[in-house]
> 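Can you read through this structure? Questions will come right after.
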Protein chains: 2
Amino acid sequence: MRRRITLKQIAKELDVSISTVSKALRESKEISQDTRDKVQAFAKLYNYKPNNIAVSLKNKHTKNIGVIIPEIVHHFFTTVISGIEKVANSKGYNVIVCLSNESFDKEVINMETLANGSIDGFIMSISKETQKKKDFHHLREVVNQGMPLVMFDRVSDEIYCDKVIVDDARGAYQAVEHLIHTGCKRIALITTVDYVSVGKLRTLGYKNALLDNEMGVDEDLIIKIEDIENCDKEIEKLFDLDNFDGVFAVNELFALTAMKIAQERGYRIPEDISFIGFTDGILSKHASPTLTTLAQHGIEMGEIAADMLIEKIEEEEEDESFRTEIIRTSLIQRDSTRKI
Amino acid sequence: MRRRITLKQIAKELDVSISTVSKALRESKEISQDTRDKVQAFAKLYNYKPNNIAVSLKNKHTKNIGVIIPEIVHHFFTTVISGIEKVANSKGYNVIVCLSNESFDKEVINMETLANGSIDGFIMSISKETQKKKDFHHLREVVNQGMPLVMFDRVSDEIYCDKVIVDDARGAYQAVEHLIHTGCKRIALITTVDYVSVGKLRTLGYKNALLDNEMGVDEDLIIKIEDIENCDKEIEKLFDLDNFDGVFAVNELFALTAMKIAQERGYRIPEDISFIGFTDGILSKHASPTLTTLAQHGIEMGEIAADMLIEKIEEEEEDESFRTEIIRTSLIQRDSTRKI
DNA sequence: AAAGCTTTTGAAAACGTTTTCGTGTTGATA
DNA sequence: TATCAACACGAAAACGTTTTCAAAAGCTTT
């Protein structure tokens with residue numbers, strides 16, 4: 001088992017100085033062609049590769065970017081990571097992934113350990129708990145230290161940084177209008193509790209769409225789910241209490257669960273009730289009937305986030321201007337809604 | 001925007017030496033309580049945190065572990081990552097994730113860039129292309145350099161290292177036996193092409209189960225799918241050509257697609273045909289009917305892999321003995337199979 | 001042969017730590 | 001008062017690079 005070879009060892013073997021070796025390997029024309037060839041041949045033979053850590057220490061950049069997300073077992077986030085990875089890799093960066101597991105404390109710890117020199121910048125989506133607590137000191141600290149940060153999907157207005165978000169309100173609006181246009185008269189909403197920013201926004205879009213179409217908002221048709229694991233119980237209640245001919249759910253799972261309950265109760269989809277979900281994941285595509293959804297374009301979000309971050313990392317003087325990119329959702333029509 | 005403060009700066013401000021500061025912060029009793037207090041107070045005030053890169057360079061370990069997987073948009077792999085993250089984090093390690101996208105070249109590049117000092121060890125599952133090519137020089141090189149490596153799920157016999165695998169053959173056997181015990185007489189297999197090691201193993205288990213139950217293997221009932229995107233076409237053919245009352249599919253997608261086709265053709269599930277899939281992902285749980293599957297316990301795999309790796313990383317003298325842990329699958333009974 | 005170039009090389013500092021070893025100071029002991 | 005520990009601190013090397021600057025060596029030109 002041979003350990004990695006270093007510049008120093010090459011220098012010693014070839015009886016030249018370390019600087020000569022370093023320059024020779026980087027094709028500096030300070031060094032004669034002869035020695036360059038000699039050094040390079042030797043380096044190749046011994047499979048020399050510069051030590052990243054040493055290079056990082058010297059050059060003050062690591063070529064790593066840190067990604068902190070709440071959960072990785074979540075299709076949307078993995079699509080975003082895919083996008084990030086793709087552009088990061090193409091620009092020579094590695095991706096360090098940390099999971100907060102929706103916990104504030106873990107998010108803080110992750111940020112602190114990564115911020116101590118391991119990475120050149122952050123891409124993150126904050127945890128539910130952080131959104132609830134509204135404590136963003138860790139983010140503030142990081143940007144104060146001059147570390148580039150781009151937030152995506154679950155962002156905070158209190159932090160000045162680049163952002164990439166989905167146009168949640170508009171997407172929801174679009175979904176509800178689609179239900180209306182295909183003939184739905186009473187449309188229910190299955191959403192999350194309000195502190196989840198995207199849930200709130202989607203709720204807003206829902207209401208606006210109804211109002212703009214002179215349909216009036218009936219609070220009885222809105223259920224806000226806290227305990228996602230047992231969402232079926234809550235959704236059952238909705239079916240017990242009221243009737244409706246359209247459902248807009250803020251995620252796939254809620255939509256599928258609702259469809260299943262509807263089917264058990266003998267409703268036909270989409271003839272009796274139409275369904276639309278948010279997030280175009282694997283579930284929607286393979287549900288029966290297949291679910292009409294709003295695609296969030298996670299890959300694109302990841303790509304844009306990575307592009308923005310790397311731009312900030314690599315620019316000479318830091319500018320204090322921040323952008324927020326808004327990704328438009330698009331409606332994927334499938335079989336859970338009526339055709340126009 | 002204040003940059004991070006260093007030992008040198010603290011030393012200067014407090015008019016002591018760098019070594020004194022370093023020792024004071026690490027509670028060395030070489031330093032008087034007075035100066036220790038003073039230094040620590042100052043460090044706290046200026047929020048001093050040691051630079052990871054410098055520490056890594058000095059101490060020859062990075063507290064990072066590299067994970068290379070073929071695809072992240074794949075539920076099984078994300079569960080494994082979850083498991084890895086969990087134990088890695090609890091032991092003070094970060095996880096650097098790289099995706100090979102099932103490409104040999106990308107896998108090689110990823111390994112090479114990470115191996116140059118960025119990480120203390122690897123956890124990986126090889127790409128399809130690598131399995132096809134059977135070229136493992138990059139793995140061999142890494143282990144020759146003394147870098148700990150643990151492979152999971154898609155492994156190679158040619159490389160001597162720690163491994164964590166699913167007992168694919170046994171799981172498949174178990175699945176097919178379950179079909180037999182619940183009354184299936186003619187069982188079809190939907191699998192992948194042979195170079196995918198796990199597909200091959202599962203095929204083996206299928207055949208063994210049939211043979212052991214005196215049912216004979218009918219090659220007409222076996223289809224090997226290359227183009228996953230268009231698996232429905234191939235599966236249709238199976239339905240066209242033959243009839244059967246049980247289906248074992250080597251993944252969720254094949255199983256769901258087959259179920260859908262069966263339903264379209266008017267078969268009742270599980271009365272007319274029973275289905276079992278491999279991998280207990282989200283699809284199985286939300287399919288209709290819900291799909292009986294073999295759980296692969298990805299989280300556990302990740303945890304074990306990380307434990308093995310960290311053990312190797314942290315042991316004093318390297319031992320050349322390698323283990324391979326086998327994770328038992330377990331059958332999750334749902335509604336796509338008949339009750340016993 | 002001296003002066004002035006150009007070409008080629010090497011010494012050393014720097015990045016931010018950790019750690020070994022040496023040294024100066026203090027107070028106690030002989 | 002000389003000796004010796006114990007204590008408190010600092011200098012310096014080391015990790016593996018990159019880069020600046022100086023110097024040496026080889027030329028050409030007078």
Side-chain angles (χ1 to χ4, degrees), chain A residues 2-40 42-43 46-64 113 115-120 145-147, chain B residues 2-40 42-43 46-64 113 115-120 145-147:
Chain A
R2 13 165 266 255
R3 274 255 113 80
R4 291 210 101 84
I5 195 171
T6 68
L7 286 189
K8 194 194 269 196
Q9 295 168 46
I10 299 183
K12 197 170 173 186
E13 291 298 320
L14 259 35
D15 206 32
V16 292
S17 77
I18 296 179
S19 21
T20 302
V21 178
S22 174
K23 289 175 202 163
L25 289 175
R26 341 184 81 236
E27 277 295 343
S28 159
K29 55 200 54 159
E30 260 185 273
I31 305 298
S32 70
Q33 191 62 54
D34 263 16
T35 19
R36 264 188 277 171
D37 290 347
K38 194 177 58 177
V39 170
Q40 284 174 19
F42 190 91
Y46 284 90
N47 193 25
Y48 170 81
K49 297 277 165 50
N51 178 313
N52 282 338
I53 298 289
V55 175
S56 291
L57 183 59
K58 183 90 242 285
N59 294 346
K60 320 279 248 158
H61 60 243
T62 62
K63 287 278 181 178
N64 288 152
T113 68
N116 299 324
S118 304
I119 59 168
D120 297 339
Q145 269 164 70
M147 170 146 325
Chain B
R2 10 166 268 255
R3 273 256 115 81
R4 290 209 102 83
I5 195 172
T6 69
L7 286 187
K8 193 195 267 197
Q9 295 169 45
I10 299 183
K12 196 170 174 187
E13 291 297 320
L14 258 37
D15 206 33
V16 291
S17 77
I18 295 180
S19 21
T20 303
V21 177
S22 174
K23 289 174 198 164
L25 289 175
R26 345 186 76 234
E27 279 295 342
S28 158
K29 53 201 55 164
E30 258 187 278
I31 305 298
S32 71
Q33 192 61 55
D34 263 17
T35 16
R36 262 187 277 170
D37 290 346
K38 196 177 57 177
V39 171
Q40 285 174 17
F42 191 92
Y46 284 89
N47 193 26
Y48 170 80
K49 299 274 168 51
N51 178 314
N52 282 339
I53 298 289
V55 175
S56 291
L57 182 58
K58 185 88 242 283
N59 294 347
K60 321 277 248 156
H61 61 241
T62 61
K63 287 277 179 179
N64 287 151
T113 69
N116 300 326
S118 302
I119 60 168
D120 297 338
Q145 269 163 73
M147 169 142 331

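Values reported hereafter were calculated over all heavy atoms of this structure, with side chains retained and with hydrogens, waters and symmetry mates removed.
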> What verdict does the side-chain contact (heavy atoms from CB on, under 4.5 Å) test give for Thr62(B) and Ile53(A), after you've listed the backbone C-alpha separation in whole Å, the side-chain angles of each residue and the deciding distance to 0.1 Å?
CA-CA 9 Å; Thr62(B) 61; Ile53(A) 298 289; 3.9 Å; yes

> Quick one: does any side-chain atom of Ser56(B) pair with a main-chain N or O of Asn52(B) as donor and acceptor, under 3.5 Å?
yes

> Indicate for each nucleotide in nucleotides 13-19 of chain C, in 5' to 3' sequence, whether protein heavy atoms under 4.0 Å reach the base (B), only the sugar-phosphate (S), or nothing (-).
-BBBBBB

> When the distance from CD of Glu30(B) to C1' of dT25(C) is rounded to whole Å, what number comes out?
15 Å

> What does the inter-axis angle of the helix from dA1(C)-dT30(D) to dA30(C)-dT1(D) come out as, five pairs per end, nearest 10 degrees?
90°

> How close or far is atom C1' of dC7(D) from atom CG of Asp34(B), stated in whole angstroms?
13 Å

> Can you tell me how far the NZ atom of Lys23(B) sits from the CD atom of Glu27(B), to the nearest 0.5 Å?
14.0 Å

> One pair to check against side-chain contact (heavy atoms from CB on, under 4.5 Å): Ile10(A) and Glu13(A). What are the steps and the verdict?
CA-CA 5 Å; Ile10(A) 299 183; Glu13(A) 291 298 320; 5.8 Å; no

> Residues two or more places apart in sequence or in another chain: which of them pass ring pair (Phe, Tyr, Trp, His ring centres under 6.0 Å) with Tyr48(A)?
none

> For Lys49(B), does the NZ atom sit with more than 12 other heavy atoms under 6.0 Å from it, leaving out its own atoms?
yes

> Let me know the distance between CG of Leu14(A) and C1' of dT8(C), rounded to the nearest Å.
15 Å

> What is the distance from atom CG of Asn47(B) to atom CD1 of Ile5(B), rounded to the nearest 0.5 Å?
9.5 Å

> Need one value for Ser56(A): base, sugar-phosphate or nothing, where a base atom within 4.0 Å counts as base even if backbone is also close, heavy atoms only.
nothing

> Given dC9(D), is OP1 or OP2 found less than 4.0 Å from the side-chain N or O atoms of Thr35(B)?
yes

> First locate atom CG of Asn51(B), then atom CG of Leu7(B), and finally report the distance between them rounded to the nearest 0.5 Å.
9.5 Å

> What's the CG-P distance between Asp37(A) and dT8(C), to the nearest Å?
12 Å

